[in-house]
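Each ligand, and each atom within it, is numbered from 1 in the order the structure gives. Heavy atoms only: backbone and side chains are in, while hydrogens, waters and symmetry mates are out.
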Amino acid sequence: MTWMRWRPAMEEALYAPVGGFYRRPEGPAGHFRTSVHASPLFARAVARLLLDVDAALGRPEELAFVDVGAGRGELLTGVLAELPDGVLARLRPYGVEIAADRPAGLPSTALWTDEVPHGVSGLLFANEWLDNVPLDLGEVDEDGVLRYVEVDTATGEERLGSAVDAADAAWAARWWPAPEPGDVVEFGAPRDAVWASAVAGLERGLAVAADYGHTAASRPPLPTLTGFRAGREVRPVPDGTCDLTAHVALDAVAAPAVHSLWTTQREALRALGVNGARPPLALASTDPAAYLRALGGAGEAAELTDPAGLGAFGWLAQAVRMPVPETLAGLGGWQTLGS
Ligand SMILES: C[S@@+](CC[C@H](N)C(=O)[O-])C[C@H]1O[C@@H](n2cnc3c(N)ncnc32)[C@H](O)[C@@H]1O
């Protein structure tokens, strides 16, 4: 038996150079479906957002598109396919990924790196990245002391370990108060830190994190840490055989920024032209092929914006030294978080 706190256990299970889950050749798409895999409409919407950011930046000589947690480069490839030549000529595309070599077939203009670039201007987009950033779990014991949860890396069995350190205690007090015995906390500070560092890479631009998340008003009562293997939800065992993911405290991630806005994926994608409206029935008789294509697209759009599924994801957007792009600024549901 090897007992560890969850954060190092996740780090090892997901990213160890040998045996790490994300090093497997099949990649994330072999185990679960993100918005990127669900439909090319997602990449089209992100491309539209990039054009909007380009306009808000005054069409700079060099425009960056930075895909963080790029998986096997699917979103990057999809976005490049949607952009007009005039923009492609000025574009600096980056795929940032720590667990995979440059994918075969990635357009040659794209840079593949394991570090977020610094000093660039454009759009930084992270789809389902932060939920895979390892974190510790805590639970309040019978005496009211918040302790780290330790896990047996072979079986996933858990026990309580030492009292949490001052930094995690402060994070919990600010973002996830846990007053009662049995209360749990997923300590989000490592996510806050990597996001702040990624956003700091933007000289000017928009940073968007799309992920399953919660804010202070909706903290889950039970741990959200979950395992996925081959399309199924499984017990989270940190042994390298399954994904390990926990929802993101998006308000804590957003906190240091001034222009920090948050909405649902449903709202954001609708603003970017993705909607699940069915094509008019008349099209079925005038152009049956076009009708079927449009019907397929409507089904995919419905999946991406489903309020009980992908549409419930949070989109956190931070504008760095630029106005919030027009397409997104008009969304009624946006709130300013943090400060
Ligand atoms: C759930 S997958 C999402 C892949 C892709 N964005 C998508 O939506 O299909 C998360 C990815 O983030 C990568 N990742 C985790 N931490 C990272 C980091 N610090 N820098 C770059 N990539 C990271 C993982 O290796 C994994 O490929």
Does R293 pair with D287 as a salt bridge, N-O distance under 4.0 Å?
->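 Here R293 does not pair with D287 in a salt bridge, since their nearest N and O are not under 4.0 Å apart.
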
Is the count of non-hydrogen atoms from other residues, nucleotides or ligands lying under 6.0 Å from D114 atom CG greater than 12?
->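 Yes, CG of D114 has more than 12 neighbouring heavy atoms, counting only those of other groups under 6.0 Å.
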
For E26, does the CD atom have more than 12 heavy-atom neighbours from other residues, nucleotides or ligands under 6.0 Å away?
->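 Yes, CD of E26 has more than 12 neighbouring heavy atoms, counting only those of other groups under 6.0 Å.
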
Please work out whether the ring planes of F125 and F42 are parallel, tilted or perpendicular, with thresholds of 30° and 60°.
->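 Rings of F125 and F42: perpendicular, over 60°.
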
Main-chain N/O of G273 paired with R44 side-chain donor or acceptor, under 3.5 Å |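 No, the answer is negative, given that no donor and acceptor are paired below the 3.5 Å cut-off.
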
Partners meeting side chain to side chain contact (heavy atoms under 4.5 Å, CB included) with T245 (sequence neighbours left out) =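 With sequence neighbours excluded, T245 shows a side chain to side chain contact (heavy atoms under 4.5 Å, CB included) to D131, N132, Y212, T226, F228, D243, given in chain and number order.
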
Which atom pairs, nitrogen or oxygen on both sides, join ligand 1 and the protein at under 3.5 angstrom?
{"unit_1": "ligand 1", "atom_1": "6 (N)", "unit_2": "G69", "atom_2": "O", "d": "2.6"}
{"unit_1": "ligand 1", "atom_1": "6 (N)", "unit_2": "N127", "atom_2": "O", "d": "2.9"}
{"unit_1": "ligand 1", "atom_1": "8 (O)", "unit_2": "T34", "atom_2": "OG1", "d": "3.2"}
{"unit_1": "ligand 1", "atom_1": "8 (O)", "unit_2": "N127", "atom_2": "O", "d": "3.4"}
{"unit_1": "ligand 1", "atom_1": "8 (O)", "unit_2": "N127", "atom_2": "ND2", "d": "2.8"}
{"unit_1": "ligand 1", "atom_1": "9 (O)", "unit_2": "T34", "atom_2": "OG1", "d": "2.8"}
{"unit_1": "ligand 1", "atom_1": "9 (O)", "unit_2": "H37", "atom_2": "NE2", "d": "3.4"}
{"unit_1": "ligand 1", "atom_1": "16 (N)", "unit_2": "W129", "atom_2": "NE1", "d": "3.2"}
{"unit_1": "ligand 1", "atom_1": "22 (N)", "unit_2": "I98", "atom_2": "N", "d": "3.4"}
{"unit_1": "ligand 1", "atom_1": "25 (O)", "unit_2": "E97", "atom_2": "OE2", "d": "2.6"}
{"unit_1": "ligand 1", "atom_1": "27 (O)", "unit_2": "E97", "atom_2": "OE1", "d": "2.7"}
{"unit_1": "ligand 1", "atom_1": "27 (O)", "unit_2": "E97", "atom_2": "OE2", "d": "3.3"}

